[in-house]
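These numbers come from the heavy atoms of this one structure, side chains and all, not from hydrogens, waters or symmetry mates. Chain identifiers are assigned alphabetically (A, B, ...) following the order of the sequence lines, protein sequences preceding nucleic acid strands; residue numbering begins at 1 within each chain. What you see is a predicted model, and the numbers here were worked out from it, not measured in a lab.
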Amino acid sequence: MGVAVPPEYTPVMEALRQMHGVTMLERRSSPYDVLIATILSQRTRDETTERVFRDVKARWPDVTSLAAADEDEVDAVIHSIGFHRQKARAIIATAKQLEEQHDGQVPSSMDELLELPMVGRKTANCVLVYGFAEPAIPVDTHVHRISNRLGWVETRTPEDTERALVKVLPREHWLEINQLMVSHGKTVCQPQRPRCGRCRVAPHCARAGVAD
DNA sequence: AAAACGGGGGC
DNA sequence: GCCCCAGTTTT
């Protein structure tokens, strides 16, 4: 009986690496910084988020100061990003929750992270992999879309994609896959018109040259 | 399963 | 001006 030949994950990741030149260590930071920065980054562009995160850290450098921050003041500092009111409320509540329930530390388990406001699986997995260097795959819309286009998974939601990917993708690629596919998704494998003619992954892709 | 949240960047 | 976003929560 024919056992299906698994996709060639390593050549794909190598092609992505060549196209996008990710410098992994730049994203490594303390679990707390990853947590706050990732909440702020939801549905907003990186460049904007980076500036806003620096401003937040300058004004409220640690958990204790952020826990005591005034919501209107935080809202004013992060006003240039989307969902600023919810995010201001969320990061203050997160800081308070860390102090009251976790001795001021960021928890390192998925279940505990999911208890924090505005922390879903994608954000929690960012904290685990970038903050704690634990094996986890943050799946956003880019990872979801590209994994399906490649034929690695056949899933309807990012959550389903995450659960499928952790079963098939070798662990050596988990740390890189999010940033590589996000970069790829913004510049080459875009939602509407993927530029397959310029894509070095196309030879390995189930839908190269085919629209969704 | 779908709506709501939102300012900023690209065209 | 209009369309599109590195999600999560609520209905």
Side-chain angles (χ1 to χ4, degrees), chain A residues 13 16-17 19-29 31 33-56 71-95 97-98 106-107 110-131 136-150 155-163 165 173-195 211-212:
Chain A
M13 297 299 286
L16 289 173
R17 217 174 288 127
M19 297 179 76
H20 302 290
V22 164
T23 57
M24 195 54 40
L25 294 178
E26 280 181 15
R27 267 310 264 272
R28 286 284 188 82
S29 192
D33 283 1
V34 174
L35 174 58
I36 301 302
T38 306
I39 290 174
L40 294 175
S41 79
Q42 289 169 14
R43 302 289 287 184
T44 87
R45 289 168 170 76
D46 260 4
E47 316 75 57
T48 332
T49 304
E50 282 173 23
R51 197 198 73 241
V52 165
F53 177 66
R54 277 199 300 275
D55 292 345
V56 169
E71 184 180 315
D72 289 335
E73 206 178 333
V74 174
D75 184 61
V77 168
I78 71 173
H79 193 75
S80 57
I81 63 176
F83 308 108
H84 47 85
R85 176 57 65 175
Q86 299 155 256
K87 287 173 179 175
R89 202 168 10 244
I91 63 176
I92 293 170
T94 287
Q97 211 163 320
L98 294 182
V106 176
M110 171 63 71
D111 286 348
E112 290 174 302
L113 286 166
L114 290 177
E115 297 294 320
L116 300 171
M118 287 191 80
V119 176
R121 295 197 64 86
K122 187 267 179 180
T123 301
N125 279 320
C126 282
V127 173
L128 291 175
V129 67
Y130 300 129
I137 305 179
V139 177
D140 49 52
T141 54
H142 291 301
V143 177
H144 176 59
R145 180 183 66 257
I146 295 173
S147 294
N148 274 281
R149 281 182 175 167
L150 283 168
T155 49
R156 210 186 85 266
T157 68
E159 288 73 18
D160 292 339
T161 298
E162 183 207 330
R163 297 177 199 285
L165 279 180
H173 301 309
W174 291 14
L175 185 63
E176 291 181 302
I177 182 172
N178 179 274
Q179 291 177 65
L180 286 174
M181 285 193 174
V182 167
S183 179
H184 196 57
K186 289 198 292 192
T187 59
V188 180
C189 198
Q190 293 142 333
Q192 305 82 355
R193 201 178 80 76
R195 309 187 169 193
D212 276 327

Rounded distance in Å between the P positions of B:dG6 and C:dG1 | 24 Å
How does DNA chain B look in dot-bracket notation if pairs are Watson-Crick or G-U with both distances under 3.5 Å, crossing ones as [ ], other-strand ones as |?
-> |||||.|||||
Atom CZ of A:Arg145 and atom C1' of C:dC4: how far apart are they, to the nearest Å?
-> 12 Å
Do we see a donor-acceptor contact under 3.5 Å between the side chains of A:His142 and A:His184?
-> no
Going by distance alone, is a donor N or O of one side chain under 3.5 Å from an acceptor N or O of the other, for A:Thr161 and A:Ser147?
-> no
Is there a donor-acceptor contact under 3.5 Å linking the side chains of A:Thr187 and A:Arg195?
-> no
Would you mind checking if A:Arg85 and A:Asp72 are paired as a salt bridge, meaning a charged N to carboxylate O distance below 4.0 Å?
-> yes
Between A:Thr38 and A:Thr123, a side-chain donor and acceptor under 3.5 Å | no
Expressed in angstrom and rounded to an integer, what is the separation of A:Gln192 atom CD from C:dC3 atom C1'?
-> 10 Å
Find out whether A:Glu112 and A:Val106 are in side-chain contact, i.e. whether some heavy atom of one side chain is under 4.5 Å from a heavy atom of the other.
-> no
Provide, to the nearest angstrom, the distance between the CD atom belonging to A:Glu159 and the C1' atom belonging to B:dA1.
-> 13 Å
Per-nucleotide protein contact string for nucleotides 5-11 of chain B (B base, S sugar-phosphate only, - none; heavy atom under 4.0 Å) | BBSB---
Considering only heavy atoms from C-beta outward, does the side chain of A:Val52 approach that of A:Ser80 to under 4.5 Å?
-> yes
Result for side chain to side chain contact (heavy atoms under 4.5 Å, CB included) between A:Lys87 and one of A:Ile81, A:Asp75, A:Val74 points to A:Ile81
5'-most contact on DNA chain C (nearest-nucleotide basis), A:Met118 vs A:Asp140, goes to A:Asp140
Looking for any heavy atom pair under 4.0 Å, which part of the strands does A:Val119 touch: base, sugar-phosphate only, or nothing?
-> sugar-phosphate
Send over the distance from A:Leu114 CG to C:dG7 P, rounded to a whole Å.
-> 17 Å
pair A:Lys122-A:Glu159: side-chain heavy atoms closer than 4.5 Å = no
Across the strands shown, which category fits A:Ile39 at heavy-atom distances under 4.0 angstrom: base, sugar-phosphate, nothing?
-> nothing
